[in-house]
Amino acid sequence: MRRITTIAGLICFMVYSNLAAQETSLTLDLTKPAANVSPRLYGLMTEEINYSYDGGLYAELIRNRIFKDDGKSPVNWSVVQDAGGKGNIILDHKNDINSALTTCLQLTVEDASGRVGVANGGYWGIPVKPSTAYKASFYAKATDNAVGPLTVSIETSDGTVKFAEAQVTLDKGGWKKYAVTLNTAAGIKPTNLTRFVISTKKAGTYWFNLVSLFPPTFNNRPNGNRIDIMNLMADMKPSFLRFPGGNFLEGDFFATRFPWKTTLGALEDRPGHPGCWSYRASDGMGLLEFLQWCEDLKMEPLLAVYAGYTLKGDHMDAGPFLKPFVDEALEEIEYVTGDIHTKWGAKRAQDGHPEPFKLNYIEVGNEDGFDRSGSYEARFTQFYDAIKAKYPQLQIISTVGGRDPLGMRFNVKTSTPQVVDEHYYRTAWEMEEDAAHYDNYDRSGPKIFVGEWATREGSPTTNMNAAIGDAAWMTGMERNADHVIMSCYAPLFVNVNHGGMQWESDLIGYNALSSYGSPSYYAQKMFSTYLGNQVIAITGNAIPVQTRHATKKDSAARVVPKSIPALFYVATRDTKTNMLYIKVVNASGNVTPVTINLQGVEKIASTGKITVLKSDKPDDTNTIDEPLKIKPQEYDIKGIKKSFTRKFDPYSISILQIKLGK
Ligand code: AHR
């Protein structure tokens with residue numbers, strides 16, 4: 001529950017009753033826009049965490065498709081032995097297909113009087129939906145006595161019901177790729193209590209590799225993304241995508257940094273790599289797939305390049321030993337932006353995308369403030385100089401030098417960044433307390449990229465209290481959107497199954513069958529979609545305050561918690577459409593009447609709209625079973641004048657949409 005104890009409640013009550021004598025008002029001065037809003041203010045941040053791609057956005061349904069997941073026996077694979085059938089499975093390292101596909105699954109069928117096969121349960125189930133075409137493919141070979149038909153099926157976990165089935169004829173000879181489409185019937189009920197099976201009724205030995213199963217994907221892209229999750233993101237209208245991390249960029253060791261080169265081309269050439277969030281990455285979501293994700297959602301890529309620091313604390317000092325990493329970053333930029341006559345632009349064309357991608361921002365590393373050796377300044381400078389020499393138009397982002405807790409803690413400086421990345425992970429109270437954080441930033445310093453931020457309340461996805469903290473924080477970023485030029489929440493995704501989450505309080509949750517947005521998701525969607533291009537000067541009067549109860553730490557230090565605002569606000573105007581957006585966040589449990597004064601307005605439409613996200617209790621939330629418990633509601637409003645009063649609901653985020661006249 002939110003922050004009220006008897007004493008704190010009393011303080012709150014006294015403060016409210018004091019202020020109740022005065023009228024809470026917001027006065028907007030439309031004669032002088034306070035700032036221009038950066039067109040990239042709201043974007044997305046992503047990395048392989050919480051099964052974001054494998055078991056998440058990346059639509060592949062087979063888990064451990066090339067058998068490299070850690071373990072002596074085949075992880076996530078099991079043997080099927082029906083009615084008298086007998087067989088076993090082991091990992092085989094002697095039957096390479098190429099340098100990426102070095103481990104395969106060996107099935108020995110001893111007794112084929114009943115069906116024998118290999119089964120994969122996917123990422124907590126294979127999503128079975130009606131009238132759906134699934135594309136299955138795999139490499140296989142068999143001893144000569146075993147060639148013949150194989151049955152490929154999607155079925156219930158116990159094999160009693162088959163939802164889709166097809167035969168492939170296994171030829172004599174070595175490795176060969178087989179592909180088949182599995183179609184489900186119209187009438188079936190969606191389920192994920194399922195498995196994928198390749199089976200036989202012939203004794204002998206079989207080998208399998210790169211076993212893959214794809215449902216329909218967004219924009220029908222081969223090797224593409226889940227449609228439902230892409231649609232959730234599209235609705236947020238994000239302007240950019242920061243990738244591939246986060247910690248996932250860095251890796252635990254040099255050898256496990258994001259290996260962009262081996263994430264390119266055919267899946268046959270992608271060995272995957274150990275991720276840093278406790279599971280192996282298939283790298284099916286490779287560099288080109290990130291870029292196509294940007295293309296599909298009309299986002300600008302914001303590429304983070306590896307900068308010579310590992311999560312386990314190792315680093316490469318600036319100088320000749322860092323040069324290979326700098327060269328690798330230059331090649332990566334060429335892959336993204338080079339024309340087809342460049343080496344890496346030609347590789348991109350060969351991978352199916354001749355058109356270069358537009359790139360404006362490069363981030364050098366991730367959270368290098370953790371590098372206690374102090375090597376970042378020199379590393380950054382080496383990257384900066386090399387990138388600028390070849391790509392003078394690119395804006396370079398430093399991961400340190402900001403005024404976020406990490407930046408402040410280590411006070412690492414870089415000499416030349418054009419933009420610094422700040423990260424904030426906090427409670428709702430801390431977000432609200434610091435909502436004016438950017439109001440007094442020095443405009444002559446580097447621009448600010450809030451590259452990771454979140455109110456961390458609620459699990460696996462955030463609750464309404466977090467959404468209110470987020471919204472309060474966003475009012476501050478938006479008010480300063482001339483200087484805070486980009487922001488993106490993290491983490492973006494979580495697979496809500498047990499074992500799917502490494503980092504709690506995430507924005508979008510899913511299982512194999514469905515996905516949903518947290519209250520924080522809806523808060524961001526609202527902020528990003530109702531956004532003008534000019535910040536309007538706004539002054540609050542008699543703003544209600546809230547007081548939290550004392551923590552053990554406060555009591556020990558004999559500190560009485562201070563009061564902070566309970567109402568947060570920002571306004572922007574779209575000069576093209578002449579729409580005015582007033583965002584008001586009510587963090588209190590009280591209905592709060594606010595008089596809105598619009599100064600410098602000639603004409604105004606008397607009717608407008610208000611979009612409201614609210615809940616009765618701040619710890620209310622959305623879940624996979626109740627995905628839309630909290631969602632924005634839109635209402636018509638009347639009686640808009642140059643001065644009018646509107647009541648704001650308890651625990652609510654509201655956006656007034658008002659049409660201005662000339
Ligand atoms: O968002 C989760 C992690 O938090 C990111 O990988 C890292 O950059 C930060 O510490």
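Both ligands and their constituent atoms are indexed starting at 1 by order of listing. Since the model is a prediction, treat every value here as computed from it, not as a measurement.
- When only interatomic distances are considered, the shortest N/O to N/O separation between Glu452 and ligand 1 falls below 3.5 Å.
- Annotation: side-chain contact (heavy atoms from CB on, under 4.5 Å) contacts of Lys388 (sequence neighbours excluded): Tyr384, Ile396, Gln418.
- Proximity of Gly245 to ligand 1 is not established, as no heavy-atom distance is less than 4.0 Å.
- Within the 4.0 Å heavy-atom criterion, neither part of Met45 lies near ligand 1.
- Defined by atom type and a distance below 3.5 Å, a donor-acceptor pair is missing between the side-chain atoms of Thr623 and Asp625.
- Partners of Ser615 by side-chain contact (heavy atoms from CB on, under 4.5 Å), not counting sequence neighbours, listed by chain and number: Met464, Asp620, Ile630.
- Side-chain contact of Asp317 with Ser375: a donor-acceptor pair under 3.5 Å is absent, judged by distance alone.
- For the pair Arg226 and Tyr58, the cation-pi test (distance below 6.0 Å, angle within 45°) is failed.
- Side-chain N/O atoms of Tyr279 and Glu48 include a donor and acceptor closer than 3.5 Å.
- Less than 4.0 angstrom separates some heavy atom of Gly246 from each of these atoms of ligand 1: 6 (O), 8 (O).
- Contacts with ligand 1 closer than 4.0 Å are made by no heavy atom of Trp453, backbone or side chain.
- A cation-pi geometry, defined here as NZ or CZ lying under 6.0 Å from the six-membered ring centre and within 45° of its normal, holds between Arg63 and Trp124.
- Checked by distance only, ligand 1 and Tyr425 come closer than 3.5 Å through their nitrogen or oxygen atoms.
- Closest protein heavy atom to atom 6 (O) of ligand 1: Glu47 OE2, 2.4 Å.
- With hydrogens left out, the protein atom closest to atom 10 (O) of ligand 1 is Glu367 OE1, 2.7 Å, a heavy atom.
- Of the polar atoms of Trp503, none of the N or O atoms is found under 3.5 Å from an N or O of ligand 1, judged by distance alone.
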